[in-house]
Amino acid sequence: MDEKYNPLNIEPKWQENWDDSKIFKVSEDKDKEKYYLLEMFPYPSGKIHIGHVRNYTIGDVIARYKKMQGFNVLHPMGWDAFGMPAENAAIDNNTHPAKWTYENIDFMRSQLKKIGLSYDWDREIATCKPDYYRWEQWLFIKMYEKGMAYRKDSFVNWCETCQTVLANEQVEDGACWRCGKDVEQKKLNQWFFKITDFAEDLLVDLDTLSGWPEKVTTMQRNWIGKSVGATIDFKIDGFNKNISVFTTRPDTIYGATFMCLAPEHPLVTELSAGTDMESDVNSFVKRIAEQDRTTEALESYEKEGVFTGAFCINPLSGKKMKIFAANFALMDYGTGAVMSVPAHDQRDYDFAKKYNLDIQVVVNPFDSELKVEDMTEAFNDEGVIVNSGNFNGLKNKKAIKQITKFLEKEGKGKEKANFRLRDWGISRQRYWGTPIPMIHCESCGIVPEKVENLPVTLPEDAALRDTGGSPLPDIEYFRKATCPVCGREDAKRDTDTMDTFVESSWYPARYCSPDCDTGMFDVDAVKYWMPVDQYIGGVEHAILHLLYSRYFTRVMNVLGLVDFKEPFTNLLTQGMVNKETQKCPEHGFLFPDEIETKGDDKFCSKCGSAVETGPVIKMSKSKKNVIDPSILLDKYGADTTRLFSLFAAPPEKGLEWNDEGVDGSARFLNRVWRFVYKVLDQIKDKEAFNGKPDELKGKYQELNRKINQTIKKVTGDIEDSFHFNTAISAVMELVNMLYSIDVNEETANRDNVLRLAVDNILLLLSPIVPHFAEELWAELGNKNSVSEQTWPSYREDALVSSDMMIVVQINGKLRAKFSIGTDASDDDLKEQALSDANVKKHIEGKDIRKVIVIKKKLVNIVV
RNA sequence: GCCGAAGUGGUGGAAUUGGUAGACACGCUAGACUUAGGAUCUAGUGCCGCAAGGCGUGGAGGUUCAAAUCCUCUCUUCGGUACCA
């Protein structure tokens, strides 16, 4: 055995060993309980960054831990390989997206292998491969046939830089989530998935996800945004038509004094046509349509509107209400029409003040009476109904139900729940994505490609345009198609591709049978492995990816492909790894290795300008605040890097990256190594101690207790909360204790206890630092891989101590401590406490009012 | 604005059925050793104080023999979301 720990020698050896022996390859085994552990697969952007290392290490520890506990563990890895950066990089570097992507995959795979992760690499998938997206196209056609995929004209979020449409979820603060450019509104004909059909189901089932962080279910709940109220019909004066509105406050209907329509609402132009108002209305509608709709801009807009010239009739009060087109009414929420109740809605109040409209109080606070002339803002708390005919005197909450019921009876309204969630627009005008398997035929309309013709393969020889945008419409042989229905040869293939979130919505199921060529997956394999027992990934995917995955699982469920609805039983959202940004006035953002430091000052290595330090934010390639783990891996090896990334903080917590502590982790492994080296000859042929504590004496009895306590603590920390940082601390304490005892002391079972200590330290650490553990495990004379050992258990009798430490407080302040046998009575404790010298000093001349004795813990003397 | 989470030493972080605040590390100080290392070992390290002692978990109150932990108010930071009728 080497005297010194040299990770760079031993790590490649074990990685090869695991690879060759396929020790982590799994298959369905009905006799073993399965455990499916999945980390969110990465986008192959080029290099692994430290956030990946943290994420995959967390997963790897759990996978190895569960394997040692006897589970049949599925732990796969793959690549979320379609997406825009490939196109951008291809243009920048004059290469091809496919080439760029596959090269990145090869490089990143080699990086992951260097971290020593326990993947079943035979299950690796890449979503850009035709044998993967073939089944996505198949599912698209199934969804189309069931009416779950449809086409509609709609205003879409358009990113000019990326030349593509973005889903609502992909717009962050009014800007593109990927490139940061402000998003514009554009009208396009697009494919949509009918996720809103499952809005209620997706919402209700959040309650069943007890293994998810509440934070995430709350975010999804808010995103789905259910509100309960009523739709109410208002007759339009002089027209044989109704305006339907959605409101959550039917109790305030008597106070509705005007009506607001979204500018795009079809009635706006219809009602104003041929009236004096026509030109005003049209110019207003046109102006609003052209307005910038970024969130920032929206905030600065004042509420404004224009009278359409028409009136409607309040169905209960019978009063005439002016109908406006207003900029704050949204066409795609509710019905695109708002019944405005200025007394009880702040927005309506502002609008009424501006245009001098009637304000009518219909809810009073419980203890006072509102007067319109004294009001400075809308009143929207709970209260008592007034000025509302038969409903006066009711609490407004009760009135909501009664008025709704009344409207239903009269045929003027209906109870209704409304959702904020919109259908999922999936068309992208991009090249590097899954082609949408639909064909536009002049005779037959839009029809699906024949299933036997799948996959519709993405042409690999496409020349990208310098300007961005998809080359697919230019490629004649791709675009030209034969109509699968009538056989016309001049049909056109859809040249849009799917949103890349589609691929990631079903990949967990694909891992169960990655080579299946008869369907999306092998039904029996999925039945065995799915759902995922533990999913791990960044909290940044709390809405987007996780909601889409839940939706897709429901789609597969409805299509009879799977028998469950929730894909992820337990979810661990790992905090993001953050780092400050560095900016050079001339060269913009800088990578850490582009900075030179002189004392406390930092300079750009290209031009020497002083570097400006920006805020601490999530690591991203575009901001260049990334840490390349290969520096750590080359210098310290994988095990130290793994250990450090776990020791720094509990997984769910965000982390400001700082590698100052990494030496401590390296030092710890060295300490363990040196100890094993020191006692190796002594313990190599010995059995680990497994007797009763009374077979041991003194320090060695204590050591035995500490070993068992450590097993208990580490197991609990992993099992209950994945708090590896405290688990590691516990092992460190045990190692510190080993250094404090004399290994040559003549005492019973000495070497057997030392063996027990070393065995368990290696077993407990093995999921965290697997190469290190394998090496020392082999040095101890073991033939099998440490990962095939059983996770250690502790002896209950070893935990028991004959003494206990008692704390003495006076008025709650710590004044003394003493050790006493565990069989001591309360009175013994009291007596012992009062006889302590320091205690005597503090109670001298004072009356003892009360003595509180807490069993096995403390004595508090109140004076 | 609304929803959620979090505030503990110089740093990362421990500790919650209320019961020794600061485990384990990093850093720092002093020393030892030496084959001069990114090594190892010993001692110290919350703050104030020579000490006795006092103070101390964002701030202010409260409950309790006892509060980082429970309650009320408040401040700050981070994350999500936002004209949603």
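Below, chains carry the letters A, B, ... as their sequence lines are ordered, and counting in each starts from 1.
- With respect to Lys397(A) and Glu382(A), a salt bridge is recorded, a charged nitrogen being found less than 4.0 Å from a carboxylate O.
- At the heavy-atom level, Gln809(A) lies under 4.0 Å from base atoms of the strands shown.
- Both tests pass for Lys678(A) against the ring of Tyr739(A): distance under 6.0 Å to the centre and angle within 45° of the axis.
- The NZ-P distance, from Lys653(A) to A5(B), rounds to 15 Å in whole Å.
- Between Thr726(A) and A15(B), a side-chain N or O to OP1/OP2 separation shorter than 4.0 Å is absent.
- Here G13(B) presents its C1' atom at 16 Å from CZ of Phe724(A), a figure rounded to the nearest Å.
- As the counterpart of U8(B), no nucleotide is assigned, since no Watson-Crick or G-U wobble pattern has both distances under 3.5 Å.
- Each of Lys817(A) and Ile852(A) lies near RNA chain B, and the nucleotide nearest Lys817(A) is the one positioned closer to the 5' end.
- The nucleotide whose nearest atom lies closest to any side-chain atom of Ala648(A) is, among C3(B), C83(B), G12(B), G12(B).
- Using a 4.0 Å heavy-atom criterion, one finds that Arg849(A) contacts no nucleic acid atom at all.
- When heavy atoms are screened at a 4.0 angstrom cut-off, Phe647(A) is found touching base atoms of the nucleic acid.
- Contact annotation: side chain of Arg422(A) to base of C84(B), donor-acceptor pair present below 3.5 Å.
- Note on Asn725(A): only backbone sugar-phosphate atoms sit closer than 4.0 angstrom, heavy atoms only; bases stay farther off.
- G38(B) makes up no base pair with any nucleotide shown, lacking Watson-Crick or G-U wobble contacts both under 3.5 Å.
- No engagement by Gly538(A) is indicated, since no non-hydrogen atom pair under 4.0 Å with the nucleic acid exists.
- Distance CG (Asn811(A)) to P (U64(B)): 15 Å, rounded to an integer number of Å.
- Between Arg420(A) and the phosphate of A82(B), there is a side-chain N or O to OP1/OP2 separation shorter than 4.0 Å.
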- Item | Verdict with supporting geometry, Phe351(A) and Phe328(A), ring pair (Phe, Tyr, Trp, His ring centres under 6.0 Å) | CA-CA 10 Å; Phe351(A) 195 86; Phe328(A) 64 82; 5.6 Å; yes

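- At whole-Å resolution of the value, CG in Asp332(A) and P in A82(B) are 12 Å apart.
- Note on Lys635(A) versus Asp663(A): no salt bridge recorded, every NZ/NE/NH1/NH2 to OD/OE distance being 4.0 Å or above.
- Summarising the base pairing, A85(B) is matched to no nucleotide, lacking a Watson-Crick or G-U wobble pair whose two defining distances lie under 3.5 Å.
- Heavy atoms of Arg674(A) sit under 4.0 angstrom from primed sugar atoms or phosphate atoms, though from no base atom.
- Across every strand in view, G79(B) sits in a pair with C3(B) that passes the Watson-Crick or G-U test at under 3.5 angstrom.
- Base pairing annotation: A68(B) forms no Watson-Crick or G-U wobble pair, as no partner gives both donor-acceptor distances under 3.5 Å.
- Closest to the side chain of Ser729(A), from the set C24(B), G4(B), C41(B), is C24(B).
- Protein atom CD1 of Ile810(A) is 17 Å distant from nucleotide atom P of C65(B), rounded to whole Å.
- Glycosidic conformation, G58(B): anti, with the torsion outside 90° of 0.
- Nucleotide U20(B) forms no Watson-Crick or G-U wobble pair with any nucleotide shown, as no partner meets the under 3.5 Å limit on both distances.
- In this model, no side-chain donor or acceptor of Lys850(A) finds a partner on the base of C65(B) within 3.5 Å.
- Across all strands shown, the partner of G27(B) is U45(B), judged by Watson-Crick or G-U wobble contacts whose two distances both fall under 3.5 Å.
- Only one option out of Ile631(A), Leu632(A), Val769(A), Thr57(A) pairs with Thr641(A) in a side chain to side chain contact (heavy atoms under 4.5 Å, CB included); it is Leu632(A).
- We find that CG of Leu643(A) is positioned 13 Å from C1' of C26(B), with the value rounded to whole Å.
- Following rounding to the nearest Å, Leu858(A) (CG) and U64(B) (C1') show an atom-to-atom distance of 14 Å.
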Would you tabulate the pairs of protein nitrogen or oxygen atoms and nucleotide nitrogen or oxygen atoms of nucleotides 53-57 of chain B closer than 3.5 angstrom?
from   : atom 1 : to        : atom 2 : distance (Å)
G53(B) : OP1    : Lys841(A) : NZ     : 3.3
G54(B) : OP1    : Arg815(A) : NH2    : 3.4
G54(B) : OP2    : Arg815(A) : NH1    : 3.4

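- Using a 4.0 Å heavy-atom criterion, one finds that Ala329(A) contacts the bases of the nucleic acid, with or without backbone contacts as well.
- Within 4.0 Å (heavy atoms only), Asn736(A) reaches sugar-phosphate atoms of the nucleic acid but no base atom.
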